[in-house]
Number of protein chains: 2
Amino acid sequence: MIRILLAEDQAMMRGALAVLLGLEGDIEVVAQVGTGTEIVPTALEVRPDVALLDIELPGISGLEAARELAEQIPECRVMILTTFSRPGYVREAMAAGAVGFLAKDGPVEELADAIRRVLRGETVLDPALAAATLRAAPNPLTARERDVLAASENGSSIADIAGRLFLSPSTVRNYLSAAIGKTGTRNKTEAALTARRNGWLA
Amino acid sequence: MIRILLAEDQAMMRGALAVLLGLEGDIEVVAQVGTGTEIVPTALEVRPDVALLDIELPGISGLEAARELAEQIPECRVMILTTFSRPGYVREAMAAGAVGFLAKDGPVEELADAIRRVLRGETVLDPALAAATLRAAPNPLTARERDVLAASENGSSIADIAGRLFLSPSTVRNYLSAAIGKTGTRNKTEAALTARRNGWLA
DNA sequence: ACCAGGCCGTGACAATTGTCAGAGGTGCCT
DNA sequence: AGGCACCTCTGACAATTGTCACGGCCTGGT
């Protein structure tokens with residue numbers, strides 16, 4: 001029996017996947033969590049063979065959890081299951097030690113088979129997605145630029161961001177200006193959107 | 001047998017729900033679509049008892065499709081299944097003639113039962129959500145303000161929006177200013193975000 | 001020890017954005 | 001006919017944002 005830990009924030013999706021995987025004769029969902037924070041503690045307890053992680057979760061992200069799992073439970077294979085096939089996500093997932101990357105816009109039928117394949121030691125990654133990721137520019141933003149962009153995502157003013165990050169408004173404006181240049185956009189809102197779309201934030 | 005039409009853009013979610021509902025002895029998923037545009041034509045063809053519609057779909061939205069279904073196939077019950085329990089969505093769904101509103105963050109187990117209940121003529125709507133919707137202010141934005149806000153969601157400049165909507169920049173600025181006032185925000189980005197969050201757009 | 005690159009800041013300037021006070025026009029309701 | 005709500009536009013002004021050029025402070029690599 002393949003023991004699975006399933007991390008997904010949308011309860012209905014989580015439940016549906018759990019039932020579906022449970023129908024496979026050789027797969028057993030031994031734990032389900034709805035937040036990123038629960039992933040590592042739960043995994044330490046149940047010792048799953050495969051962790052199936054969404055990226056965008058409350059608490060820590062699935063990518064961060066993947067890094068921690070790789071460190072603390074190296075024998076547990078990590079597979080990322082996400083809504084967005086963003087180049088930055090694929091890159092980060094692989095860097096975090098994931099051995100599988102599946103998009104939620106693919107057919108469900110692939111899921112169980114993908115799990116079996118990663119357990120056999122194979123890497124599951126759509127070749128077209130891999131190529132697109134390699135073709136796409138890697139994250140050009142510095143850590144500080146990422147911070148500032150992330151802080152601007154809710155439409156905050158520069159003064160707000162400066163206050164929140166304990167920086168001077170001028171500095172924030174400089175970082176934003178740099179980010180606008182690097183993203184090839186025209187203002188901070190566009191910059192934040194494209195950075196997010198490319199998976200360059202969080 | 002209860003005949004279901006399932007509209008949901010995320011293939012994995014759609015497939016999982018279809019399998020799950022198929023496991024129920026009295027339910028049969030007779031059609032699955034991934035875009036809003038396909039809903040009405042498909043429904044006209046297969047004549048489902050219940051249409052289970054996501055709101056945010058490519059093409060037309062589930063809410064628009066619900067309105068059309070109510071007109072063209074009044075005997076087909078419409079149930080909305082959505083990620084976001086936005087007050088504006090609930091309000092619009094009910095106004096569009098939907099008899100059920102389910103959030104994807106609820107348990108899957110409720111789904112089949114909810115379908116049976118709407119078919120018996122009951123209305124399925126979480127009482128707490130209904131109360132929150134009634135408590136929340138109804139959409140205060142005029143049609144034009146909505147247009148302008150929606151056009152500003154991607155971070156476009158006022159000049160861009162004006163060009164796209166064939167309005168003068170001054171007019172766009174006025175609408176945005178009005179929207180900022182009505183949403184109680186400080187700039188167009190915040191205004192667009194809160195309007196979207198409340199389900200006041202599209 | 002030196003340099004490159006990142007971090008933090010300043011000041012000045014131009015462009016964009018947000019506010020306010022107008023002034024018409026339409027269509028709907030009473 | 002009049003009132004009302006909405007649409008469209010203008011011009012002026014203040015505030016915010018974006019750009020540029022600059023200087024200083026660390027840190028890691030050579």
Side-chain angles (χ1 to χ4, degrees), chain A residues 88 91-92 95 137-202, chain B residues 88 91-92 95 137-202:
Chain A
R91 206 180 284 268
E92 291 256 341
N139 191 338
L141 302 172
T142 70
R144 242 21 191 161
E145 287 160 358
R146 283 198 296 276
D147 294 344
V148 172
L149 274 186
S152 84
E153 280 193 298
N154 54 357
S156 298
S157 70
I158 287 181
D160 289 345
I161 302 169
R164 206 163 341 131
L165 266 52
F166 305 105
L167 293 176
S168 108
S170 309
T171 306
V172 172
R173 256 180 305 147
N174 274 348
Y175 287 144
L176 285 175
S177 190
I180 291 168
K182 289 179 179 177
T183 52
T185 51
R186 318 185 72 71
N187 57 54
K188 65 185 158 97
T189 309
E190 279 188 2
L193 285 172
T194 58
R196 170 64 66 189
R197 242 202 325 278
N198 286 25
W200 292 341
L201 301 182
Chain B
R91 204 180 285 267
E92 291 257 341
N139 191 339
L141 303 171
T142 69
R144 241 23 190 157
E145 288 161 357
R146 284 198 296 277
D147 294 344
V148 172
L149 275 186
S152 83
E153 280 193 298
N154 53 359
S156 296
S157 70
I158 288 181
D160 289 346
I161 302 169
R164 209 166 336 135
L165 265 52
F166 304 104
L167 292 177
S168 105
S170 311
T171 306
V172 173
R173 259 182 305 150
N174 276 349
Y175 286 145
L176 285 175
S177 191
I180 290 168
K182 288 179 180 179
T183 52
T185 51
R186 318 186 72 72
N187 56 54
K188 66 184 156 94
T189 309
E190 279 187 3
L193 285 172
T194 59
R196 171 64 64 189
R197 245 203 323 278
N198 286 1
W200 290 342
L201 300 181

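Residue numbers begin at 1 in each chain, while the letters A, B, ... track the order of the sequences.
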inquiry  = Please enumerate all residues that pass side chain to side chain donor-acceptor pair (under 3.5 Å) together with Asp147(B), with sequence neighbours excluded.
reply    = Arg144(B)
remark   = Contacts of Glu153(B) meeting salt bridge (charged side-chain N to carboxylate O under 4.0 Å, His left out) (sequence neighbours excluded), chain-then-number -> Arg196(B)
query = Who pairs with Ser170(A) by side chain to side chain donor-acceptor pair (under 3.5 Å), at least two apart in sequence or on another chain?
reply = none
inquiry  = If the condition is side chain to side chain donor-acceptor pair (under 3.5 Å), which residues does Thr189(A) pass it with, not counting sequence neighbours?
reply    = Thr189(B)
ask   = Separation of Asn139(A) atom CG from dG6(C) atom C1', in whole Å?
value = 15 Å
query = Taking atom P of dC8(C) as reference, at what distance in whole Å does atom CD1 of Ile161(A) sit?
reply = 14 Å
key: Any Lys182(B) side-chain heavy atom under 4.5 Å of Thr142(B) side chain   = yes
query = Rounded to whole angstrom units, what separation is found between the NZ atom of Lys182(A) and the P atom of dT19(D)?
reply = 14 Å
note = Between CG of Leu141(B) and P of dA5(D) the distance, given in whole Å, is 16 Å
note = Taken to the nearest whole Å, CG/Leu176(A) to C1'/dC8(C) is 15 Å
key: For Glu92(B), side-chain contact (heavy atoms from CB on, under 4.5 Å) partners two or more places apart   = Leu63(B), Arg67(B)
ask   = Has Tyr175(B) got a side-chain N or O lying under 4.0 Å from the OP1 or OP2 atom of dT8(D)?
value = yes
remark   = For Ala192(B) and Leu201(B), the nearest pair of non-hydrogen atoms, with its separation, is O-CD1, 4.0 Å
query = Arg144(B) has an atom CZ; how far is it from atom C1' of dT26(C), in whole Å?
reply = 14 Å
query = Using a heavy-atom distance cut-off of less than 4.0 Å, which residues of residues 165-173 of chain A contact DNA chain C?
reply = Leu167(A), Ser168(A), Ser170(A), Thr171(A), Arg173(A)
Check nucleotides 20-27 of chain D against the protein and report each pair of N or O atoms closer than 3.5 Å, with its distance, or say if there are none.
| from | atom 1 | to | atom 2 | distance (Å) |
| --- | --- | --- | --- | --- |
| dC20(D) | N4 | Asn174(A) | OD1 | 3.1 |

key: Sequence-distant partners of Thr183(A), side-chain contact (heavy atoms from CB on, under 4.5 Å), two or more places apart   = Thr185(A), Ala191(A), Thr194(A), Trp200(A)
note = So CG of Asp160(A) and OG of Ser157(A): to nearest 0.5 Å the spacing works out to 3.0 Å
query = Which residues, if any, of residues 184-201 of chain A bring a heavy atom under 4.0 Å of DNA chain C?
reply = none
query = For Arg146(A), which residues count as a salt bridge (charged side-chain N to carboxylate O under 4.0 Å, His left out) partner, sequence neighbours excluded?
reply = none
key: Donor on one side chain, acceptor on other, Arg164(A) and Ser156(A), under 3.5 Å   = yes
inquiry  = Does anything in residues 145-158 of chain A come within less than 4.0 Å of DNA chain C? Heavy atoms only, and list the residues if so.
reply    = none
query = Is there side-chain contact between Leu165(B) and Val172(B), with heavy atoms separated by less than 4.5 Å?
reply = no
remark   = Rounding to the nearest 10°, end axes of the helix from dA1(C)-dT30(D) to dT30(C)-dA1(D) built from five pairs each make an angle of 30°
ask   = Which heavy atom of Ile161(A) sits nearest a heavy atom of Ser152(A), and at what distance?
value = CD1-CB, 3.5 Å
query = Are any non-hydrogen side-chain atoms of Leu193(B) and Glu190(B) less than 4.5 angstrom apart?
reply = no
task = May I ask you to test the Tyr175(A)-Leu149(A) pair for a side-chain heavy-atom distance under 4.5 Å?
result = no
task = For residues Ser168(A) and Ala162(A), report the shortest heavy-atom separation together with the two atoms involved.
result = C-CB, 3.9 Å
